[in-house]
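First the proteins, then the strands, lettered A, B, ... as listed; each starts at 1. What you are looking at is a predicted structure, and each value in this text was computed from that prediction instead of being measured.
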Amino acid sequence: MTPAQLSDAIVATLAAQVEAGTLRLPDGVPSEVVVERPRSKEHGDYATNVALKLAKRAGMSPRDLAQALADGLAATDGIERVDIAGPGFLNITVSAGAQGKVAADVVAAGTAYGASDAFAGERINLEFVSANPTGPIHIGGVRWAAVGDALGRIFTMTGAQVTREYYFNDHGGQIDRFSSSLLASAKGEPIPEDGYGGQYVDDIAKDVLARRPDALDLPEDEAREVFRAEGVDLMFAEIKKSLHDFGVDFDVYFHEDNLHTSGAVKRAVERLTELGNTYEKDGALWLRTEKYGDDKDRVIIKRDGEGSYLSGDLAYYLDKRERGFDRCFIMLGADHHGYVGRMMAMCAAFGDVPGKNLEILIGQMVNLVRDGQPLRMSKRAGTVVTIDDLVEAIGVDAARYALGRFSSDSTIDIDLDLWARQSSDNPVFYVQYAHARLASILRNAGDLGLAPAGDDFDPALLSHEREGDLLRALAEFPRVVAAAAQLREPHRVARYLEDTASSFHKFYDSCRVLPMGDEEPTDLHRARLLLVDATRIVLANGLGLLGVSAPERM
RNA sequence: GCCCCUGUAGCUCAGGGGAUAGAGCACCGCCCUCCGGAGGCGGGAGCGAAGGUUCGAAUCCUUCCAGGGGCACCA
């Protein structure tokens with residue numbers, strides 16, 4: 001009996017009573033009701049506030065409605081007891097048999113356990129990282145590398161068709177400054193005032209020269225073009241590799257240059273003009289974003305005839321929509337939040353629905369801390385903390401978990417000393433350790449020739465309080481994944497894993513799994529082994545959603 | 001000036017309107033004859049402030065205070 005099944009049972013009870021004429025619901029029977037795990041054990045295994053919610057509409061007192069529902073529900077298979085508490089909560093106690101069955105369900109589903117159809121049929125485009133190829137990915141971009149990829153995995157688990165996309169910005173002034181910096185470095189000249197500094201610039205310049213030894217003999221303009229093309233190519237390859245090593249691979253790398261050369265910008269501008277959302281002023285073409293809630297209108301074609309940065313975004317958005325994506329996500333750092341207004345206005349100007357067809361997620365800043373001191377970084381001084389630095393300091397698993405376990409809305413400090421530690425202070429080790437411990441029990445069972453319970457599994461054997469707690473935790477997993485998808489909050493999965501690991505340790509502490517000494521194996525041993533297997537699967541699936549490994553041994 | 005995020009235990013953070021607000025760490029006291037003690041059990045301590053909506057608010061609304069980040073015909 002899972003919370004979802006319980007919700008269905010309650011809905012069915014409501015429907016039956018409406019059918020029988022003993023209950024009137026003018027707005028109809030809800031399709032699902034809130035079923036939660038009460039904090040206190042005295043309140044049963046599950047509780048619902050449905051009577052409190054529907055009382056007014058039904059024209060009954062909450063407690064009367066609760067009583068009517070309790071009578072109906074008590075007849076449901078798998079429900080042991082229904083109590084009415086407080087203002088009208090229904091506290092439901094599930095029978096051990098119905099509860100224990102979850103273990104078998106998890107094992108049967110295997111790697112698919114946790115999946116749902118919450119986003120079935122949705123085509124989702126996730127654009128994230130999209131760092132300019134003018135340098136390595138720094139710490140700001142890493143947050144979304146971890147969280148965006150996790151969100152993609154979560155959406156996939158909830159039935160969506162996900163495309164990960166990287167907007168590769170190879171057009172405009174920053175690239176020009178990058179190529180000038182490379183050229184200067186190759187010539188041994190000082191980096192230009194507004195250029196890029198740091199070791200990587202010298203490295204890339206050297207690599208360009210290795211590829212094109214003739215570059216410095218070319219006329220200045222041609223040389224700069226060589227450094228631009230080769231430098232961007234090398235930088236981009238490096239970025240891709242860093243991301244790949246981080247466990248993040250994109251389905252589409254979209255080059256901004258394409259938009260300008262293919263006429264996509266022109267087409268997008270024409271579309272907006274047809275819709276009456278552009279006008280000319282001061283020799284530039286403006287988009288009426290203010291009409292759609294932005295602070296002010298924005299230039300899309302500059303006085304010099306070049307498209308503005310926004311023009312690329314317009315064309316890119318239109319392109320995604322034309323490629324059939326119902327939902328386009330863009331994930332940005334807090335320093336970009338000022339774009340949200342114009343991007344949403346742009347979306348509306350196309351006749352789309354902001355917040356649905358286009359969603360912009362803002363992740364707050366990440367600070368790295370070492371020895372209690374924040375690592376201050378400066379791009380100019382070349383003291384940039386990159387994705388590779390982070391991985392080198394704490395490893396991919398810790399990095400992804402550290403970035404993934406906090407709400408994107410909160411600014412986070414990542415303590416490199418803490419996350420590098422192989423101890424229980426470090427949450428990722430707490431969860432991975434639980435997984436390794438589970439794997440170890442299963443290995444030991446294998447050595448004993450003991451297999452988890454199969455078709456003969458009697459769920460009612462798992463009747464210990466700690467077993468019930470653990471089973472209820474396992475039953476939560478699909479809801480946690482669905483909530484993480486709906487709220488775009490992968491950190492919920494991480495927190496859930498920590499709770500579940502804790503439930504497991506508590507279970508393990510008071511429930512002996514394997515036979516002691518030369519004790520004869522019983523059905524209880526085998527039932528518990530099934531529960532161990534189920535728990536291991538849930539932890540592995542959850543870690544997988546975060547892009548973190550689930551080690552068999554540590 | 002305007003916009004966004006945040007303010008919960010000593011610290012780092014969870015808490016999608018529900019019952020007695022949680023976890024880890026830190027601190028104090030316990031628990032190993034056998035499955036991984038990287039574990040478990042117990043203890044103290046908290047919702048920035050004031051109003052409002054609600055049967056019910058850490059959660060929703062308003063104002064204020066504090067911290068962080070933004071406000072280009074740059075990309």
Among the nucleotides [options], which one has an atom lying closest to any side-chain atom of [X]?
X	options	answer
A/Lys53	B/G39, B/G18, B/G36	B/G18
A/Asp413	B/G18, B/C13, B/C25	B/C13
A/Asn49	B/G39, B/G68, B/G18	B/G18
A/Asp425	B/C25, B/C5, B/G36	B/C25
A/Arg443	B/A38, B/C74, B/G36	B/G36
A/Gln486	B/U20, B/G16, B/C73	B/G16
A/Asn444	B/C41, B/C25, B/G36	B/G36
A/Ser407	B/A14, B/C13, B/C73	B/A14

Taking a pair as Watson-Crick or G-U wobble with both distances under 3.5 Å, which nucleotide is matched to [N]?
N	result
B/C2	B/G70
B/G39	B/C31
B/U62	B/A50
B/G24	B/C11

Are A/Tyr508 and B/C35 stacked, counting the six-membered base ring, centres under 5.5 Å, planes under 30°?
yes
Take the protein atom [atom1] of [X] and the nucleotide atom [atom2] of [N], then report the distance between them rounded to whole Å.
X	N	atom1	atom2	value
A/Asp335	B/C5	CG	C1'	13 Å
A/Asp409	B/G16	CG	P	12 Å
A/His525	B/C34	NE2	P	16 Å
A/His336	B/C3	NE2	P	21 Å
A/Ile360	B/C5	CD1	P	14 Å
A/Arg495	B/G16	CZ	P	13 Å

Working note: A/Thr522 + A/His525, criterion side-chain hydrogen bond (donor to acceptor under 3.5 Å, both in side chains); need CA distance, chi angles, decisive distance, verdict.
CA-CA 5 Å; A/Thr522 65; A/His525 291 127; 3.2 Å; yes
Which residue, A/Thr2, A/Leu6, A/Leu90, A/Val82, forms the side-chain contact (heavy atoms from CB on, under 4.5 Å) with A/Tyr46?
A/Leu6
Centres of the [X] and [Y] rings: under 6.0 Å?
X	Y	value
A/Tyr433	A/Phe429	no
A/His464	A/Phe507	no
A/His255	A/Phe168	yes

Between A/Lys506 and B/G39, is there a contact of a side-chain N or O with OP1 or OP2 at under 4.0 Å?
no
Check if the side chain of A/His337 and the base of B/G70 share a donor-acceptor pair of N or O atoms closer than 3.5 Å.
no
